[in-house]
Undergrad: 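Handing you a structure now.
Everything quoted here is computed from the prediction, not taken from an experiment. FYI, side chains are in, hydrogens and waters are out, and symmetry mates aren't considered; it's all heavy atoms of this structure. Numbering of ligands and ligand atoms starts at 1, following listing order.
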Amino acid sequence: MIGIARAHTNIALIKYWGKRDKKLFLPMNSSLSLTLDAFYTDTKVTFDQTLTKDTFFLNNKEETTEKITPFLDLFREKMSSPRFAKVESLNFVPTAAGLASSASAFAALAGAINQASGLHLDTQTLSTFARRGSGSATRSLYGGFVEWNKGTDSHNSMAIPIDDASWDIAMIIIVVNQAKKTISSRDGMALTVQTSPFYQAWVESAEKDLQNIKQAIANKDFITLGEITEFNGMKMHGTMLGSNPPFCYFEPETIIAQQAIRQLRAEGIPAYMTMDAGPNVKVLCQTSTIPTILSHLETLFSKDKLIISKVGKAMHYLTQDDWEQSLQSFEDTL
Ligand code: ADP
Ligand code: DP6
């Protein structure tokens, strides 16, 4: 009863920011993301009848099973002979730094549990399970552009693949700070829903942005795609400035990066930015313009802070040999 899976992180172009049901992770608005090749999580799950409790090892260190056990329980409720599990996970993405580790984490965990349990859930159903670990994980079950349809209940609030994004799309991540953030996305969005007078306007305009961005994707219209992405991300951060107490994830270098992107556009390079619950800036661009964008950004940021990502694939299963290779490459990165 072993399962091993890899899932990539995703960056929302239309953001999920706020829950209408905290227990079921039902979002206030539908969202849409791009799955990234550069960042991923590999997770191995072993159900073992000799275990007396669940155990969780993240990056080879034992951690609390506080979030893992309730997540395993969702699947155990469906298993004919439920058992405790050993969960081992490797993050090839900084943890809790606004680079979406929770998205790849719970999508990989859902996949590994699915395989280890023999439940054979289909990918859309699996996306509804991943959602219960972290909302953004819903979208990491698929590659390319993915919509998370907010749905009407727990069974249909799920991910839908929209387009494989194989048309000259890339992202450059400007790593401003990869330390653990002080306000988690979970707490930040809850405070915003409760206190920001801008919140209702956000929900309404995010739904419009979603319709418009889907049209831009259908038309393969990069400029409109980028403009909507930047507009939507900035509005999400605006809701936080209107929260009580107000909060902000931007750091001085976040603003420097934003100015650089505007400068590039003024010079005719189509590049658009989005930021999540952290100070890092993600630049949506075309593969063909990466060298020009990099040569500009390298005047402001050191090369190791600039990560280029192609479009990522859907969650997929790994062999034991793949797992051993992952353990080795994890050691090599230390
Ligand atoms: P991020 O911006 O990295 O997604 P979050 O605060 O939303 O930050 O989520 C980080 C949390 O996700 C961690 O504190 C941990 O609880 C969980 N997490 C991260 N990586 C893993 C993993 N590989 N397996 C299980 N849970 C993980
Ligand atoms: C800003 O999915 O991390 O990245 O559901 O509480 O685990 P929980 O939150 P999480 O929030 C992601 C917020 C975001 C936008 C997005 O990814 O859509």
Undergrad: Can you see whether Ser102 engages Ser134 through a side-chain donor-acceptor pair at a distance of less than 3.5 angstrom?
TA: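 Yes - a donor-acceptor pair under 3.5 Å links their side chains.
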Undergrad: Tell me whether Asn91 has any N or O atom under 3.5 angstrom from an N or O of ligand 1.
TA: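 Checking ligand 1 against Asn91, an N or O pair does fall under 3.5 Å apart.
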Undergrad: Examine ligand 1 and decide if any of its atoms is less than 4.0 Å from a heavy atom belonging to Gly278.
TA: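 Distance cut 4.0 Å: Gly278 fails for ligand 1.
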Undergrad: Can you find a pair of side-chain heavy atoms, one from Ser140 and one from His8, that are under 4.5 Å apart?
TA: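 No, side chains not in contact.
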Undergrad: Under 3.5 Å between some N or O of ligand 2 and some N or O of Ser134?
TA: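 Between Ser134 and ligand 2, an N or O pair is found under 3.5 Å apart.
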Undergrad: With side chains defined as the heavy atoms from C-beta onward, is the minimum distance between Asn114 and Tyr317 less than 4.5 Å?
TA: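 A side-chain contact exists here, since the closest heavy-atom pair is under 4.5 Å.
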Undergrad: Could you tell me whether the side chains of Asn59 and Asn91 share a donor-acceptor contact shorter than 3.5 Å?
TA: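 Judged by distance alone, the side chains do not pair up.
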Undergrad: Just which atoms of ligand 2 are under 4.0 Å from any heavy atom in Lys19?
TA: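 The list of qualifying atoms is 5 (O), 6 (O), 8 (P).
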Undergrad: Check whether any N or O atom of Thr43, backbone or side chain, sits under 3.5 Å from an N or O atom of ligand 1, and answer yes or no.
TA: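 No; the residue has no nitrogen or oxygen that sits under 3.5 Å from a nitrogen or oxygen of the ligand.
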Undergrad: Give me the nearest non-hydrogen protein atom to atom 9 (O) of ligand 2 as residue plus atom name, then the distance to 0.1 Å.
TA: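 Answer for atom 9 (O) of ligand 2: Met189 CE, 3.5 Å.
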Undergrad: What protein heavy atom lies closest to atom 17 (O) of ligand 2? Include the residue and the distance to one decimal.
TA: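 The closest heavy atom on the protein side is Arg139 NH2, 2.8 Å.
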Undergrad: Can you check which of Ala105, Ser136, Gly133 brings a heavy atom nearest to atom 27 (C) of ligand 1?
TA: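 The residue whose heavy atom sits nearest atom 27 (C) of ligand 1 is Ala105.
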Undergrad: Looking only at the side chains, is there a donor atom on one of Asp209 and Ser205 sitting less than 3.5 Å from an acceptor on the other?
TA: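 Looking only at side-chain atoms, Ser205 and Asp209 do not form any donor-acceptor pair under 3.5 Å.
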Undergrad: Just which atoms of ligand 2 are under 4.0 Å from any heavy atom in Ser102?
TA: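 Listed by number with element: 3 (O).
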Undergrad: Thr41 heavy atoms, cut-off 4.0 Å: which ligand 1 atoms fall inside?
TA: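 Result: 23 (N).
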Undergrad: Just need the protein heavy atom nearest to atom 15 (C) of ligand 2, so name the residue and atom and give the distance.
TA: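 Among all protein heavy atoms, the one nearest atom 15 (C) of ligand 2 is Tyr16 O, 3.4 Å.
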Undergrad: Test your reading of the structure: does Lys15 have an N or O sitting under 3.5 Å from an N or O of ligand 2?
TA: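 Min N/O separation from ligand 2 is not below 3.5 Å for Lys15.
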Undergrad: Hey, is the main chain of Leu121 close enough, under 3.5 Å, to the side chain of Thr125 for a donor-acceptor pair?
TA: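 Judged by distance alone, no pair lies under 3.5 Å.
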Undergrad: Closer than 3.5 angstrom, by distance alone: can the side chain of Arg76 be matched with the main-chain N or O of Arg83 as a donor-acceptor pair?
TA: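 Checked: pair present.
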Undergrad: Is Lys86 close enough and on-axis enough to Phe84, meaning under 6.0 Å and within 45°, for cation-pi?
TA: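 Judged by the rule (NZ or CZ under 6.0 Å from the ring centre, within 45° of its axis), Lys86 is not positioned above Phe84.
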Undergrad: Kindly indicate whether the side chain of Lys235, heavy atoms from C-beta on, has any atom under 4.5 Å from the side chain of Lys15.
TA: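 Result no, sub-4.5 Å side-chain heavy-atom pair not found.
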Undergrad: Using a plain distance cutoff, I'd like to know if Met236 has any nitrogen or oxygen under 3.5 Å from a nitrogen or oxygen of ligand 2.
TA: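 Looking only at distances, the answer is no, because the N/O contact criterion of under 3.5 Å is not met.
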Undergrad: Taking the ring of Phe39 and the ring of Phe92, is the distance between their centroids below 6.0 Å?
TA: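 Here the rings of Phe39 and Phe92 have centres that are no less than 6.0 Å from each other.
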Undergrad: Quick check: Arg186 and ligand 2, any N/O pair under 3.5 Å apart?
TA: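 Such a contact does occur with ligand 2.
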Undergrad: Check each atom of ligand 1 against the heavy atoms of Ser89 and keep those under 4.0 Å away; list them by number with element.
TA: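 Numbered from 1, ligand 1 contributes 22 (C), 23 (N), 24 (N).
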Undergrad: Which part of Ile68 is near ligand 1, with near meaning a heavy atom under 4.0 Å away: side chain, backbone, both or neither?
TA: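 The side chain, only.
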Undergrad: What I want to check is whether the side chains of Gln178 and Asn280 have a donor and an acceptor closer together than 3.5 Å.
TA: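 No.
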Undergrad: Mark up the atoms of ligand 2 that fall under 4.0 Å of a heavy atom belonging to Gly135, in ascending order.
TA: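 Listed by number with element, the hits are 2 (O), 5 (O), 7 (O), 8 (P).
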Undergrad: Could you find the nearest protein heavy atom to atom 4 (O) of ligand 2 and give me its residue, atom name and distance?
TA: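 Of every protein heavy atom, Asp276 OD1, 3.4 Å lies nearest to atom 4 (O) of ligand 2.
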Undergrad: Which one holds for Leu99 and ligand 1: side chain close, backbone close, both close, or neither close, with close meaning a heavy atom under 4.0 Å?
TA: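 Just the backbone.
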Undergrad: Quick check: Ser185 and ligand 2, any N/O pair under 3.5 Å apart?
TA: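 Min N/O separation from ligand 2 is below 3.5 Å for Ser185.
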Undergrad: Students should be able to answer this: which protein heavy-atom is nearest to atom 2 (O) of ligand 2, and at what distance?
TA: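 Heavy-atom neighbour on the protein nearest atom 2 (O) of ligand 2: Ser136 OG, 2.7 Å.
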Undergrad: Check for me whether Arg6 meets the cation-pi criterion with Tyr40, that is, NZ or CZ under 6.0 Å from the six-membered ring centre and within 45 degrees of the ring axis.
TA: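 Cation-pi check for Arg6 and Tyr40: passes.
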Undergrad: Taking only heavy atoms of Ala12 into account, list the atoms of ligand 2 that are under 4.0 Å away from them.
TA: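 Numbered from 1, ligand 2 contributes 16 (C), 17 (O), 18 (O).
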Undergrad: Would you call Ser31 a ligand 2 contact, heavy-atom distance under 4.0 Å?
TA: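 No, Ser31 has no heavy atoms under 4.0 Å from ligand 2.
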Undergrad: Show me which atoms of ligand 1 lie under 4.0 Å from any heavy atom of Leu58.
TA: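 The list of qualifying atoms is 22 (C), 23 (N).
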Undergrad: Do any nitrogen or oxygen atoms of Ser185 lie less than 3.5 angstrom from nitrogen or oxygen atoms of ligand 1?
TA: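 N/O-N/O distance under 3.5 Å: yes.
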Undergrad: Is the closest basic N to carboxylate O distance between Arg265 and Glu230 below 4.0 Å?
TA: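 Looking at Arg265 and Glu230, the cut-off is met.
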Undergrad: Name every donor-acceptor pair, under 3.5 Å, that has one atom in a side chain of residues 296-303 and the other anywhere in the protein, sequence neighbours excluded.
TA:
{"from": "Thr299", "atom 1": "OG1", "to": "His296", "atom 2": "O", "distance (Å)": "2.5"}
{"from": "Ser302", "atom 1": "OG", "to": "Asp304", "atom 2": "OD1", "distance (Å)": "2.6"}

Undergrad: Are Asp322 and Lys44 close enough, and set up right, to give a salt bridge (charged side-chain N to carboxylate O under 4.0 Å, His left out), and what steps lead you there?
TA: CA-CA 11 Å; Asp322 296 330; Lys44 176 173 177 180; over 6 Å; no
Undergrad: Could you check which of Arg186, Lys67, Glu66 puts a non-hydrogen atom nearest to atom 15 (C) of ligand 1?
TA: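 Closest candidate by heavy-atom distance is Lys67.
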Undergrad: Excluding sequence neighbours, so at least two apart, what forms side-chain hydrogen bond (donor to acceptor under 3.5 Å, both in side chains) with Ser81?
TA: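 Partners of Ser81 by the side-chain hydrogen bond (donor to acceptor under 3.5 Å, both in side chains) criterion come out as none, since no residue qualifies.
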Undergrad: For ligand 2, which atoms sit closer than 4.0 Å to a heavy atom of Phe25?
TA: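 Ligand 2 atoms under the 4.0 Å threshold to Phe25: 5 (O).
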